[in-house]
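In what follows, a structure is listed as structure tokens, so that the remarks can point back to it.
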Protein chains: 2
Amino acid sequence: MASELNDLRRPPAAGDDRRDDQPEEEAAGARDQSSLSTVRNAARLLAAFAPGERDLGVTDLARRLDLPKSSVHRLLTALVSAGLVERAERHGHYRLGVRLYELGEMAPSRAELHGVSLGALDELHARTGEMAHVAVLDGRDVVAVERRETPGLLKLATRLGHRHPAHATSAGKVLLAYLPLPQRAAILTGDDLEAPTPHSISDRGRLEEELAKVRSRGWAESRHELEVGLVSVASPIRDVRGRVVAAVGVAGPASRLTRDVVRRLAYETTRTGLAVSAGLGYRAHDAASRPRQG
Amino acid sequence: MASELNDLRRPPAAGDDRRDDQPEEEAAGARDQSSLSTVRNAARLLAAFAPGERDLGVTDLARRLDLPKSSVHRLLTALVSAGLVERAERHGHYRLGVRLYELGEMAPSRAELHGVSLGALDELHARTGEMAHVAVLDGRDVVAVERRETPGLLKLATRLGHRHPAHATSAGKVLLAYLPLPQRAAILTGDDLEAPTPHSISDRGRLEEELAKVRSRGWAESRHELEVGLVSVASPIRDVRGRVVAAVGVAGPASRLTRDVVRRLAYETTRTGLAVSAGLGYRAHDAASRPRQG
DNA sequence: CCCTGTCGTTCCGTCCGCCGGAACGGAAGG
DNA sequence: CCTTCCGTTCCGGCGGACGGAACGACAGGG
């Protein structure tokens with residue numbers, strides 16, 4: 001029974017000034033609260049499968065979403081006929097559909113980078129021997145859209161499409177650092193910064209200092225900030241207009257990625273970032289047009 | 001290059017809203033026609049971005065979907081707040097969101113195969129030198145969920161997530177061949193088989209013969225059937241219960257993939273298929289339990 | 001620069017299609 | 001077998017979506 005029934009429309013006061021130029025409160029963090037409750041619930045239903053739940057039943061979903069069974073069943077029927085959800089072989093169970101995967105591949109943040117980053121990522125992977133990846137920002141999280149596994153034994157357990165708090169990863173720091181200040185402020189608003197480890201940056205002031213450092217040297221590092229023992233380095237990827245749209249980086253165990261190794265890796269990721277940016281149409285020599293941010 | 005996943009056809013048809021007392025309809029591949037028009041329209045809206053349209057505006061979408069502008073705008077607002085759609089930088093334009101990509105990665109047909117097929121696919125790619133891929137069935141189409149590009153110059157232009165008619169590809173033949181007869185009948189019902197080239201199989205009887213051949217030798221071939229000059233070979237991937245859930249194959253130019261090369265490639269794909277199946281828990285020596293189908 | 005066509009966005013009254021409680025039927029398990 | 005749980009269907013009442021129309025913001029050509 002989510003009721004935001006207090007959306008009282010206040011008749012405009014004498015001044016009749018209803019046109020504030022900042023309708024922006026949502027930016028990225030805020031979800032739902034819009035109208036079209038059916039669409040909202042459909043999206044919530046899809047998201048319920050995200051934590052890795054393969055097959056779910058009606059009653060189970062109804063409990064998680066706090067919706068009546070019949071409503072969940074109606075939603076599922078509609079989503080099945082739209083192809084976004086499929087019936088599992090187990091009677092009365094459902095799972096995400098192939099069409100959803102198909103649509104996801106079409107998301108520009110993925111599709112654009114896919115083509116141009118393939119070769120460069122392979123090369124980065126070959127030259128460094130560490131897990132290489134390309135990531136984009138979504139809200140205050142960073143999502144990997146492309147990756148190469150390390151050939152060795154020590155693999156990272158994360159999967160493509162999984163998300164991590166941006167401020168605790170090197171790629172996330174890059175993406176935050178080059179985000180225009182108002183957007184960054186909108187994203188980092190609200191509750192405190194999550195601290196996955198004791199080494200994570202949880203203070204907003206310190207984060208801004210760190211981001212300034214990232215901007216000044218052009219790459220970011222994360223030591224033990226997402227997980228103890230994990231180190232990563234990342235550099236920006238720019239589109240044709242110079243905007244930072246993604247980050248490319250490598251990650252590996254702290255035992256291999258010592259301070260001076262990191263410096264070499266930073267060189268490699270920056271090189272790769274420039275190559276991919278060039279593939280997107282960015283001309284690096286246009287240094288004058290390098291956008292000022294922060 | 002127009003509509004591939006645009007079989008969400010039939011806009012609500014303006015004045016044609018008739019209350020039929022026959023809720024009885026066929027099953028299987030039926031799309032739409034359910035209630036929850038809001039969800040259906042939301043899905044159609046998402047699908048409108050599929051043909052590679054990056055950014056679309058309200059009026060444009062309204063035209064394509066044959067919906068009022070205000071309704072499209074309302075849908076977009078809801079989808080944006082759900083994260084499935086994002087606002088593009090161009091004022092008033094929209095694009096598919098990262099969350100959609102994220103959900104797509106969670107689709108079981110993708111997620112399961114991803115982990116176990118990585119190594120095997122790499123090896124297949126290395127041993128054959130041709131483009132290697134893993135595909136699943138969706139309706140009467142086959143969708144690639146994993147792939148390795150050929151290192152050479154002659155690359156295939158298709159992208160991950162794109163779909164092709166199943167009966168015209170080797171992977172699709174494999175998937176159709178091992179589909180239980182009732183399901184296959186349900187899928188292949190209705191209008192005729194598409195024939196992308198003059199070599200395509202368009203007759204249902206001939207297709208059944210071909211599928212029987214596929215079952216008897218355990219692999220499938222497609223020569224010029226999807227595109228003239230393109231040849232592919234594929235073998236099944238089975239899950240722990242022995243059901244064929246995907247196909248693994250290689251594709252390349254007919255000039256390289258001569259008859260006897262194909263025989264060697266069939267050996268390789270079969271070998272890879274068995275390896276991946278083993279990763280999914282399938283025990284090949286359980287030959288007795290090899291399901292009888294067709 | 002202004003004018004104009006175009007498109008995104010907002011508004012609002014009407015009415016229809018969704019909501020959800022409750023009953024039905026089928027599957028699993030003791 | 002009985003019991004229990006769950007997926008599916010049904011239906012009346014009402015809340016929220018629909019969509020035409022007006023508004024406001026751009027962009028481009030005269």
Side-chain angles (χ1 to χ4, degrees), chain A residues 1-12 16-24 26 32-42 44-45 55-81 85-95, chain B residues 11-25 27 32-42 44-45 55-81 85-95:
Chain A
M1 251 359 173
S3 61
E4 54 270 355
L5 49 95
N6 276 344
D7 184 12
L8 34 88
R9 52 172 28 140
R10 191 164 292 288
D16 183 47
D17 181 9
R18 60 190 303 105
R19 194 90 221 97
D20 43 348
D21 276 345
Q22 277 303 72
E24 275 334 295
E26 40 174 314
D32 69 13
Q33 77 86 29
S34 83
S35 79
L36 268 293
S37 60
T38 305
V39 171
R40 183 176 65 232
N41 285 330
R44 287 179 59 214
L45 201 158
D55 302 355
L56 292 175
V58 173
T59 304
D60 195 3
L61 283 165
R63 258 196 300 269
R64 293 170 195 242
L65 304 179
D66 192 27
L67 287 174
K69 274 199 306 180
S70 57
S71 299
V72 169
H73 181 262
R74 202 182 315 118
L75 280 170
L76 283 170
T77 306
L79 288 170
V80 164
S81 83
V85 165
E86 295 170 353
R87 312 182 86 101
E89 46 273 359
R90 283 185 50 188
H91 173 76
H93 281 222
Y94 297 85
R95 61 176 54 162
Chain B
D16 185 10
D17 195 349
R18 191 167 298 282
R19 271 265 162 281
D20 279 348
D21 280 336
Q22 273 79 316
E24 183 54 51
E25 282 298 333
D32 72 15
Q33 78 88 26
S34 82
S35 80
L36 268 293
S37 61
T38 306
V39 171
R40 182 176 66 233
N41 284 331
R44 289 179 58 216
L45 182 48
D55 302 354
L56 293 176
V58 174
T59 303
D60 194 2
L61 284 165
R63 259 196 301 269
R64 293 171 194 241
L65 305 179
D66 192 25
L67 287 174
K69 274 199 305 179
S70 57
S71 298
V72 169
H73 182 261
R74 204 182 315 117
L75 279 171
L76 283 170
T77 306
L79 288 170
V80 165
S81 82
V85 165
E86 295 170 353
R87 314 182 85 102
E89 45 273 356
R90 283 186 52 190
H91 173 74
H93 281 223
Y94 297 84
R95 61 176 54 162

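Numbers restart at 1 for each chain; the letters A, B, ... are given by sequence-line order, proteins then strands.
Side-chain N/O atoms of A/H73 include none lying less than 4.0 angstrom from OP1 or OP2 on D/dG7. A close approach under 4.0 Å does occur between a side-chain nitrogen or oxygen of A/S37 and OP1 or OP2 of D/dA17. Contact between the side-chain N/O atoms of B/Y94 and the OP1/OP2 oxygens of C/dT9 is found at a separation under 4.0 Å. Dashed line: the shortest gap from a side-chain N or O of A/T38 to OP1 or OP2 of C/dC19 is under 4.0 Å.
In this structure, the side chains of B/R44 and B/N41 come closer than 4.5 Å at one or more pairs of heavy atoms.
Summarising the geometry, the separation between CG on A/L45 and P on C/dC18 is reported as 16 Å, rounded to the nearest angstrom. If you take CG of A/D60 and C1' of D/dC6, they are 11 Å apart, rounded to a whole angstrom. Taking atom NE2 of residue A/H93 and atom P of nucleotide D/dC5, one finds them 15 Å apart after rounding to whole Å. Rounded to whole Å, the distance from NE2 on A/H91 to C1' on C/dA28 is 11 Å. Atom-to-atom, CG of B/L65 to C1' of D/dG19 comes out at 15 Å; the value is rounded to the nearest Å. Put simply, NZ on B/K69 is 14 Å from P on D/dC23, counting in whole angstrom units. In this structure, B/R64 atom CZ and C/dC7 atom P are separated by 13 Å, rounded to whole Å. With rounding to whole Å, A/L36 atom CG is found 13 Å from C/dG17 atom C1'.
The minimum heavy-atom distance between B/R64 and B/L56, with the atom names listed, is NH2-CD2, 3.8 Å. Closest approach of A/A78 and B/L36 over heavy atoms only: CB-CB, 3.5 Å. The shortest heavy-atom contact between B/R95 and B/D55 is NH2-OD2, 2.8 Å. For B/L75 against B/T38, the heavy-atom pair with the smallest separation is CD2-O, 4.0 Å.
Judged by distance alone, with hydrogens and angles left aside, B/R74 brings a side-chain donor or acceptor within reach of the base of D/dG19, the pair sitting under 3.5 Å.
When the nearest nucleotides of DNA chain C are assigned to B/R63 and A/S70 by heavy-atom distance, the more 5′-ward of the two goes with B/R63. With the nearest nucleotide of DNA chain D identified for both B/L75 and A/L76, A/L76 has the one nearer the 5' end.
B/S71 comes within 4.0 angstrom of a base, heavy atoms only. Residue-level contact check: A/R87 touches the backbone only, with heavy atoms under 4.0 Å from sugar-phosphate atoms and none from bases.
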